[in-house]
Amino acid sequence: MPELPEVEVVRAGLEPAVTGATISAVEVFEPRSLRRHDPARGAFIDQLEGQRMSAAVRRGKFLWIPLGPDTGTVATRALVAHLGMSGQVLLREPGSADEPQLRIRLHIEHPEHGELWINFADQRIFGSMAVDALIPTRDGLPAGQGSASPLVPSQVAHIARDPLDPGFSDAAFLAALRRKSTGIKRALLDQTLVSGVGNIYADEALWAARIHYAQQSSTLSPARSKILLREVRLVLAKALAEGGTSFDAQYVNVNGDSGYFSHSLNAYGQQGKPCPRCGATIVREQFMNRSSHLCPRCQKPVRRIASRTD
DNA sequence: AGCGAGCCCTGCGCGC
DNA sequence: TGCGCGCAGGGCTCGC
């Protein structure tokens, strides 16, 4: 469910609570939520209890918290979280009532804020937590938002930087679009090309750029590709500023509050409503076994195969 | 290489 | 009221 803006809202909420705090106890209520934890590296709980947390970091839709015994020690492992379709990370006062889909709870102690619970709730269990080794980034740059450290969890290393990351290479992404023979929406959703974009923001950015989801990425002119990348950044940034997109109680920040960007959607979920730009009726179509929402007038399929230079 | 299908899951809203 | 179906913000693996 959550895409970059929603995950960033969670990261930013987590940051002040976890930085400098120590994990005093861990409870796992649902072993399937540890699917991405490799037990060969050690038991999940054993590797967390007693550890100090030094930051809250995000790349794309992945979150992680570097672990170290005390200040000044270079972290070699991290607690990694992915929210999947329905994951939530909630900060709670000790003794609070359990969320309906509580899967994992961390008891933490912060030097200033005292004791807190971090509750990981996840209806569909597509999300996960894991303890993973940190490895150097390929480009030597900071691994993600929230830390200057060039260390990334091994299970996140194949994920591309996201478009709001200062280390994101526009040139490399645009070159990949030209090189690849694939539909543009598929490319936007390919987390190894660009991360953080999911079904909502892909549809919104394509609507804003007036591009059909199935257009071959290699047939987009450099100018059109740049416009699309700009629209991706704009929609992600705007959604972030509005606290993310919430359709229901499934997406909330660390305090359990919803975001407001659902009121700003132009295409996603707007089937049957008029296009805010031209008035034609927005339609929903199946693509990649998912729904795509588009304006049939503004976003016409492009049949030509040859490269364009508009 | 690219792509569709299948799988991992729970729960909601809808039509019958 | 109950049941079956389609649907949901993600991502990984397997074949062709």
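Every chain is numbered from 1 and lettered A, B, ... according to where its sequence line falls, protein lines coming before strand lines.
Here the CD1 atom belonging to A/I108 is positioned 8.0 Å from the CD1 atom belonging to A/I23, to the nearest 0.5 angstrom. Annotation: the span from A/E242 atom CD to A/H263 atom NE2 amounts to 9.0 Å, rounded to 0.5 Å.
Contacts between residues 231-239 of chain A and DNA chain C, counted as heavy-atom distances below 4.0 Å, involve no residue at all. A heavy-atom distance below 4.0 Å to DNA chain C is reached by these residues of residues 120-128 of chain A, ordered by number: A/R124, A/F126.
Rounded to an integer number of Å, the gap from CG of A/L240 to C1' of C/dG9 is 16 Å. Regarding A/D190, its CG atom lies at a distance of 13 Å from the P atom of C/dG10, rounded to whole Å. The CZ atom of A/R58 sits 14 Å away from the P atom of C/dG10 (whole-angstrom rounding). Taking atom CZ of A/R179 as the reference point, atom C1' of B/dA1 lies 12 Å away to the nearest angstrom.
Distance noted for atom P between B/dG6 and C/dG6: 14 Å (whole Å).
Side-chain heavy atoms closer than 4.5 Å link hydrophobic residues (I, L, V, M, F, W, Y) into clusters, and following such links, even through other members, never connects A/W207 to A/L229.
Nearest nucleotide to the A/K61 side chain, out of C/dG10, B/dC3, B/dA5: C/dG10. Checking B/dC8, C/dA8, B/dC3 against every side-chain atom of A/R186, the shortest atom distance belongs to B/dC3. Here C/dC7 is the nucleotide among C/dC7, C/dG11, C/dG9 with the atom lying nearest to any side-chain atom of A/R284.
OP1 or OP2 of B/dA1 has not a single side-chain nitrogen or oxygen of A/K180 nearer than 4.0 Å. Note on A/R35: a side-chain N or O is less than 4.0 Å away from OP1 or OP2 of B/dC9. Close to B/dC12, at under 4.0 Å from its OP1 or OP2, lies no side-chain N or O of A/Q250.
Counting any heavy atom pair closer than 4.0 Å across all strands shown, A/F247 reaches a base atom.
Pair assignment for C/dG9 gives none, since no Watson-Crick or G-U wobble pairing has each distance under 3.5 Å.
Position along DNA chain B of the nearest nucleotide to A/S181 versus A/N289 favours A/S181 as the more 5'-ward residue.
Considering A/V10, A/D122, A/V7 as possible partners of A/V89, the one that fulfils the side chain to side chain contact (heavy atoms under 4.5 Å, CB included) test is A/V10.
Classification of A/R41 and A/D46 as a salt-bridged pair fails, no side-chain N sitting under 4.0 Å from a carboxylate O.
A donor N or O paired with an acceptor N or O is not found under 3.5 Å between the base of C/dG11 and the side-chain atoms of A/R36.
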